[in-house]
Amino acid sequence: MTAAVAAMLVSMLLPVDEHTWPSLIAQQRGRVVLVSFWATWCAPCREEMPRLVRLAKLHGAGGLRLITVCADDPGGQSAAIDELRRWRVPEPAYIRNSASDDSFINAVDRGWSGALPALFLYDHRGKLTRSFAAGTPVTEIERAVKQAIVSK
Amino acid sequence: MRAAALALTCCLSLEAVDWTVQARGKAVTISAAETEATVFVFVSILCPVSNAYIDRFTALYGRYTGREVRFVFVAANANESEADIEEYARVNRLPYTVYSDRRQILARQLNASLTPEAFVFDRAGNLRYQGRIDDSLNPARIRTHDLEQVILAVLSGIAMPPRQTKAFGCTLKRART
């Protein structure tokens, strides 16, 4: 691994909760954003992550950014960071640090049950345009990403 | 949408409310009218979050069974067979039965999305609660025992609007239709 690649890998997880969530999304305006909620205990999340990383690489130049939010206990980040580095997930990477997961889940999407994995697509204006259930084929996700990119 | 659906299911039931689950290849009917509270808990053999709650499920089961509460633990993942469930119950020495809903008839009826997820119905078949067991996967950090609070409210006859809470958990693996 080159020093340049190592420098781009996740080195820490930034805390996020229902209060900071809106500004996290607002900061990405101008880009199409895929937000992946995952956890080290979630096997399907870990299967899906390499596919999302690949998607981010393919469409990064077109303005796609992949943001990950880990639902592990905020006290134990090292396992999550190791996994993200292994998959070469790009920064920024977040960890939920909310006093109320119920409030946080609802702040992200009132229609979301909290089931993981969960994937959300935001357009360049920061509007949530699609949510993808676990097991959605990556081809469908890619189609939605491309549509969002050309709509910029 | 989910909150509205929750409100609608409360207090409209005039007929006897029954549900069906499977055990050892046979259909088992659960009737709301038989107890003050019927508590469905969707679990998964493979979900670490669901499994982290086994001790808490066992404690709740021990505390309230025989006090007019019927617990119905249900495994509804399409990839968890009845044989898998029986082995899981045996290995974990579960004092309660884990029923199967592999075709997800009950899961769809109740709109269950993840594991663990609890649903509490009163004797009239009204949905009183949908959601998490408590507010922390880590037992040392629990501040609210949501499911137990609702069970106590139903047993006490305390009128409360139907409640819903959310927590992170494992997606219920839907069967291909």
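Values reported hereafter were calculated over all heavy atoms of this structure, with side chains retained and with hydrogens, waters and symmetry mates removed. Letters A, B, ... are given to chains in the order of the sequence lines, protein chains preceding strands, and every chain is numbered from 1.
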### Task
Go through the atoms of A/P44 and report whether side chain, backbone, both or neither lie under 4.5 Å from a heavy atom of chain B.
side chain
### Task
Please flag which part of B/N138 lies under 4.5 Å from any non-hydrogen atom of chain A: side chain, backbone, both or neither.
side chain
### Message
Can you tell me if the gamma sulfurs of B/C170 and B/C47 sit closer than 2.5 Å?
### Response
yes
#### Entry: Residue selection (most heavy-atom pairs with chain A, distance under 4.5 Å) from B/T171, B/T144, B/T115
B/T171
### Query
Can you check whether A/L121's main-chain N or O pairs, donor with acceptor, with A/T129's side chain at less than 3.5 Å?
yes
### Message
I'd like to know if the side chain of B/E36 reaches the main chain of B/I151, judged simply by a donor and an acceptor atom lying under 3.5 Å from each other, with no hydrogens or angles considered.
### Response
no
### Query
Relative to the ring of A/W87, is the ring of A/W38 parallel (under 30°), tilted (30 to 60°) or perpendicular (over 60°)?
perpendicular
### Summary
Applying a strict 4.5 Å limit to non-hydrogen atoms, the region of A/L116 in contact with chain B is both
